[in-house]
Amino acid sequence: MSPALPLDDAGPYVAAAYLVFLALVVIYVAIMAAKLSRISREINELAELAARRDEQREADRETVPR
Amino acid sequence: MTHAKFSRGLVPLSVLSVVLLVGGFAMVFFYAPNEADQGFVQKIFYLHVPLAIVALCGFVAGGIYGIRFLRKGDRTDDLRSYVAIHISLILAIGALITGSIWAKASWGSWWVWDEPTLVSFLIVFLLYACYQPLRFSIEDPERQARYAAVFAIVGGAFVPLNFMAVRAADSLIHPRVLGTTGGAMPGSMRLTFLVCLAGMAALFITLNKYELTSKQATFALRSLRRRLAGDDDWVPVRRSAAPQL
């Protein structure tokens, strides 16, 4: 085994290792955020679809002769 | 489909993960002493080893869920197995990169091909890297789930066997930190390591729950869209490596 690196030389390696971990977590969170925004968009679409169906149902009810 | 509540306890678990990891990393730099041989660069140990241990345990967990799926036929277990392996792969990438950085700093080389610990971990990683392509190659969801479960069980059994084989082999330069003969860490280093390991385990469980919750929400939305849109507008689900509940 080679002798211990001085702090100045070892520092960048240690920083790089911890930054790699941070980057992995941040990338994962960013991907999850993108998925979450897609889910949110789909919920809005479904809400619009449900509102349109309700309007259609109301309109159908009004046209039925009593 | 079993409506398991994957999001239960997600907030306290997330907080616990952050507290343990931030606390553990603070202990690494402000509490644990520098190692006598390697000096400051040994601080990578507190990140690299928990990443590797939790990744390997996650692969085994994927196999256990695979067994449960084959026994009970509950598609939720297939989803749990898929997510456990997915998160473990991400942690394994972290273990490989941080290990490589540590190797460069300590041994002067990014990778040592005749070191059993390194090569065996790479083999396990490459084995599990085939998991998603395998799933994607099978169109029928039932067959996909069964074949993936068998793969997860065989892979999960391979992990401890591989670990024992490596322990039995003569190591060249990679240290045996958690063995009975070596790695007698002083109390402060051991405590720091255990906190980092607990933090990494908590992070694994948290990310698992996040992904399971996200997948469950996607499935619920898809089912709701089908019900609202009616059968005429129904669009079949596109081919995916992820389980379809």
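Note on naming: letters A, B, ... go to the chains in the order of the sequence lines (proteins, then strands), and numbering restarts at 1 for each one.
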- line: Counting heavy-atom pairs under 4.5 angstrom with chain A, the leader among B:Ile97, B:Ile44, B:Leu91 is B:Ile44
query: Atom CG in A:Leu36, atom OH in B:Tyr210: separation rounded to 0.5 Å?
result: 10.0 Å
- request: State, to 0.1 Å, how close B:Ile90 and A:Leu24 come at their nearest heavy-atom pair, and which atoms those are.
  value: O-CD1, 3.8 Å
- prompt: Counting heavy atoms not belonging to B:Tyr65, are there more than 12 under 6.0 Å from its OH?
  reply: no
query: chain B heavy atoms under 4.5 Å from A:Val20: which part of the residue, side chain, backbone, both or neither?
result: side chain
message: As an exercise, state the distance from CG of B:Leu203 to OH of A:Tyr28, rounded to the nearest 0.5 Å.
response: 9.5 Å
query: Would a distance-only check, ignoring hydrogens and angles, find a side-chain to backbone donor-acceptor pair under 3.5 Å from A:Tyr18 to B:Lys43?
result: yes
query: By a 4.5 Å heavy-atom criterion (distance strictly below it), what part of A:Val29 contacts chain B: side chain, backbone, both, or neither?
result: neither
For A:Ile39 against B:Ala217, the heavy-atom pair lying closest together: CD1-CB, 4.0 Å
field: Proximal component of A:Ile43, with respect to chain B [non-hydrogen, under 4.5 Å]
entry: both
message: Restricting to non-hydrogen atoms, name the atom on B:Arg225 and the atom on A:Glu42 that form the minimum distance, rounded to 0.1 Å.
response: NH2-CG, 3.7 Å
task: Answer with side chain, backbone, both or neither: which region of A:Leu49 has an atom nearer than 4.5 Å to a non-hydrogen atom of chain B?
output: side chain
field: A:Glu45 CD to B:Leu221 CG distance, which is reported to the nearest 0.5 Å
entry: 9.5 Å
- prompt: Which heavy-atom pair separates A:Gly11 from B:Phe40 by the least distance, and what is that distance?
  reply: CA-CE2, 3.9 Å
